[in-house]
Amino acid sequence: MAEMIKLFVNGVEVEVESGKNLIDALKVVGIEIPHFCYHPALGADGNCRMCLVGIEDGRPPLVPACKTPVAPGMKVQLDTGKIKKIQQDMMEFQLINHPIDCPVCDQAGECTLQDYYMTYDAQDSRMTVPVVSKGKKMDFGCGVVHDQERCVLCARCVRFTRLITKTGELGIVNRSDEARVTTFPGRPLNNRYALNVVDLCPVGAMTSQDFRFKQRAWFLTRDKGICHGCSKGCNIFIDHNREKYKDDIIYRFRPRLNEQVNGYFICDEGRLSYHAENEGRLLAARVDGKDCSVDHAVQAARKALGPKILMLVSPECSIEEMIAIKALADAVGTKLSGYSDGYIKAGDGDGWLIQDDKSANRAGLAKLGIDATKETFNGALNSSDAVISFNNDLFIHDTGSEFRQKLEKMKVIAVSTHNNTLTQNAAIAIPVASYSESSGSVINKDGILQHFGRAVQKNTPLADMTQIAGMLGSPIVTESDIASEMKKVLPSLTEVIPEGGLKLTESEAAHVPA
Amino acid sequence: MEVKILSAKFDIKDAHMLEVAKQHGAYSQLDKLFSMEPVAVIEEVKNSGLRGRGGAGFPAGLKWSFLPKGLNKPVYLTVNSDESEPATFKDRYILVRDPHMMIEGIIICCYAIGCHDAYIYIRGEYTSQVKALQKAIDEAYAAGYLGEKVAGHDFKLDVTVHRGAGAYICGEETALLESIEGKKGQPRSKPPFPAVEGLYGCPTIINNVQTIASLPYIIENGAAAYKQYGTEKSPGTHLFGISGHVNKPGMYELPLGLPILDVIEKVAGGVLNGKKLKAIIPGGSSTPVQTPEDAKDLTLDYESMAAHKTMFGSGGIVVLDETVDIVKLVENLAQFYHHESCGQCTPCREGLGWILKIVKKILRGDGTSADIDLLVELCDNIEMKTVCVLSAACTMPVRSYLIKFRHEFEAYVKKGASAQANVKQG
Amino acid sequence: MSDRSKLIVTGKPFRFDQERDAEFERLVKRYPTRESMILPALWLTQEQEGWISAEAIAYIADRIGTFASQVFECATFYTMYNLHPMGRNHICICRTLSCWLRGKQEIVDYLKNELGLKPGEIGADGKFSLEEVECLGHCGTAPVVQVNGEFHESMDVDKLKSLLATLK
């Protein structure tokens, strides 16, 4: 816990954390200092001049809050006529050459310029001379589309590529009011985090090709989620909407701050992985190539359960799902494997957010003592005559070919979120809800346990994996049963999983029950 | 009125060449310098009262004493030879006519502050001047005044010329540092000040050419000798540039404190072709204008300028005769500052272009009285809201013209309105 | 300023000639960081070619080991860098304060007429290009004209006539 200090804002004493700048420190106590260019991940630049505040008896008396550390006894003025006038003036300067094309701008509804205009400006335009014209709809690469006229030159995007990705594709060329963000010819954005500039952009200058014109921001429901693209478990917002007469659809993922996990950013692959939640889904149950009800398929599957069936669980399953499936395997008296080498793309990770392991909860397998070695899996396969896979796609990323022949001779039951090679050749296929449509907990590769809630509510909801496990005979399926089981295997989990995740202790993370 | 301290060798043939310069005393102070303690050098300069000749007038010795002690980092000197303020053309004479005086000054300063790498930032437009300067530096290296052992003393000093490329803002000291570091010349927020965190993040002193060139005289003759020129608070001499509507425009070395009207009359030969004096820009284009009435008791020193709500600036005096159209002059200035805005801070980047467009609108006859009011307001809205003072360098003079010569702006508005009325009637 | 961000891509590779190469290597030792070579390298390019192409910017960035965007920023920020070929005789007329007061417009008008060029234009035959520039620091000898880097002070139309006659 940082040291707390007292200072005055508009004459009122507030207690804030030392070592922070005025913007960050006062934000914690609910005081907003408007700003465009400052961003906690990118540091203070000081170019927008929107955060100028008065310091009573200060030298100088007017300072940019982003560059001013809090100090004990400091007397900050935010509500004086002078400061309000400055804020209004800065907004006027930002807007004189802005196209004010909000009706066709993707950012409308979540635009800092719009919000600040209402709060700090709200005056009619005094601009009676021609505006500066610049580039529109510029393809910056990586699915980023730029509008130079909407840009406020805060340089967040430029700083992101220089300070964070260190790829430096963006720059601000020219000077005076001809200054503009651009890329060098032939060297467009080319990094795996490029789309973060869309979130960083406080206005509608940076838009995502993927999202452009798909939805108005205000129609979107924002739910918290955990990205399942890899074992990092980045925190995201799942922005979704059910348009009239249509189904609930995800329109985008956006990064959600978690200092412990991903900071302010996510990778582009993870960001765009929402498409897989909308597309390629297994929606109907199937037995022997014919669509049927889920009940019918489950009944058919139940008949196949026995000691000679190998159960295969996915490292994508939540802890809760794994618990239910493990209990099922124990009840049936058969082997359970978490073999899933296909989910690992060796060498793909970058030491930052992107991991080799493209599954969200491999650590969960270990925690529950579910064997995932190839040897055990192979041995179990040889002594089985059927396989039931719980969303484990053996052939993901074109892997598992060595098992293909064996599986062709076996009865395969696939409980799956998606259509894939396994479901196509399965005797029985049972659809289940994917992570955006259900809730659960996952442990990331750093041993951080995180919970996610249900975001999307489909018109015809698919059954949860735990529900299917219950229908198949698992004895542990109720929320409370699963919760008490979880606490058994995760001793540091005493109550609910806190926002931001629970860092499991070293010994616990390494603990594998016999 | 003229004195020859800095300009002593300006009229000597080939004084830019080392051999000739040496005959007239160049580098004669180095033995004395190295016999002094660095702190004694700083003290002497402090005592001389020498103030920065770039425009801000900050006491040079005091600036040096801000360098933090005991840091395990190199100290840099950058000599500001960007000289870009319109009406300023003094440092150029030093670079071309007596570059060795400046190089000797660099050695003095570097010894005093413990610097072994100095950079001279020269504006890109000074094409022939940069060649002359480089030649002098090469001569100094060849003669052992620069390099591993300066004049045989155990002191290493490298001097590198870094050439700008057309950006007024690089005269601002932190923009200059950015430019040397290979970036756009965009000023840094202060604090930290360059003396603490400057070039490459190291303690850095930035001094104007003329400031540096004043040092050999001070070391040779002592602080007291220097102080016999000028006024108590503005001691010494200055290379004044007088341009515009005078009979004898040019560069003149004068002690500080002389009455400006006398100087225009007696030194610069009076207003060109006997016309009437309309106004004076006292210290470069960014300084607020003075009417003849204002200038009656105005003297050429920092204090008098401040008392007249204007500035000493770079000592570039511009004389405007009765024919000058003030609105067009403001257009000329606004265009300059707009063109030179580095584009970093919102009010300067967007606001100066707006001001220029409104002035053009008034000149076209499309302006209104409200536009004139708006111009005044914009000056207020922009000024002192930015990282550096470029915006103020525009708004301070523009405001002064708007206030002192508002009738000329109104005349354009009136002319425009009646022309439009005629069009409608016709 | 006008937009300078539309670089010319020649389709031909660029590199320093031997002389500039040597000068680059000499200068790079003078700075603690290689980025400091951005402005000097742009100057070397302009000396060699007369102007700076997209390929040259990429070359400089790669040679220094910095982002092309940073060199691009500098090339467009500093207005003395020519981002397209200029006339064989590049004439700059100072347009600012003292030169304006002392009749720079007559010079511009004369050149416009005589050369058939507006400031900012390059003649079809490539002999001349004309540019109005900001203060050149020769206010005491205004108006001033700079041709191919050389200053011509206290100009008037007569002097200009004889100057033009000497240019090839």
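Residue numbers start from 1 in every chain, and the chains themselves are labelled A, B, ... in the order their sequence lines are given, proteins ahead of strands.
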Residue part contacting chain B, namely of [X], when any heavy atom lies under 4.5 Å:
X	answer
R34(C)	neither
L136(C)	both
Q146(C)	side chain

Check whether [X] gets within reach of chain C through its side chain, its backbone, both or neither, counting any heavy atom under 4.5 Å.
X	value
S179(B)	both
F240(B)	neither
R163(B)	both
Q335(B)	both
V161(B)	backbone
S285(B)	both
C342(B)	both

For I180(B) and L39(C), run side-chain contact (heavy atoms from CB on, under 4.5 Å): C-alpha distance rounded to whole Å, both residues' side-chain angles, the deciding distance at 0.1 Å, then the answer. CA-CA 8 Å; I180(B) 296 179; L39(C) 266 68; over 6 Å; no
CZ/R123(B) to SG/C135(C) distance, rounded to the nearest 0.5 angstrom? 5.5 Å
What residue, out of T33(C), I38(C), T79(C), has the most heavy-atom pairs lying under 4.5 Å from chain B? T79(C)
Among G149(C), C94(C), A41(C), G137(C), who wins on heavy-atom pairs under 4.5 Å with chain B? G137(C)
Quick one: of E340(B), M251(B), H245(B), who has the most non-hydrogen atom pairs under 4.5 Å with chain C?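 Most pairs with chain C among the choices: H245(B).
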Would you say the side chains of Y200(B) and S36(C) form a donor-acceptor pair under 3.5 Å? yes
Exam field: side chain Q70(C) to backbone G182(B), donor-acceptor pair closer than 3.5 Å: yes
Just say parallel, tilted or perpendicular for the rings of Y119(B) and Y31(C), cut-offs at 30° and 60°.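 Ring orientation, 0 to 90° scale: parallel.
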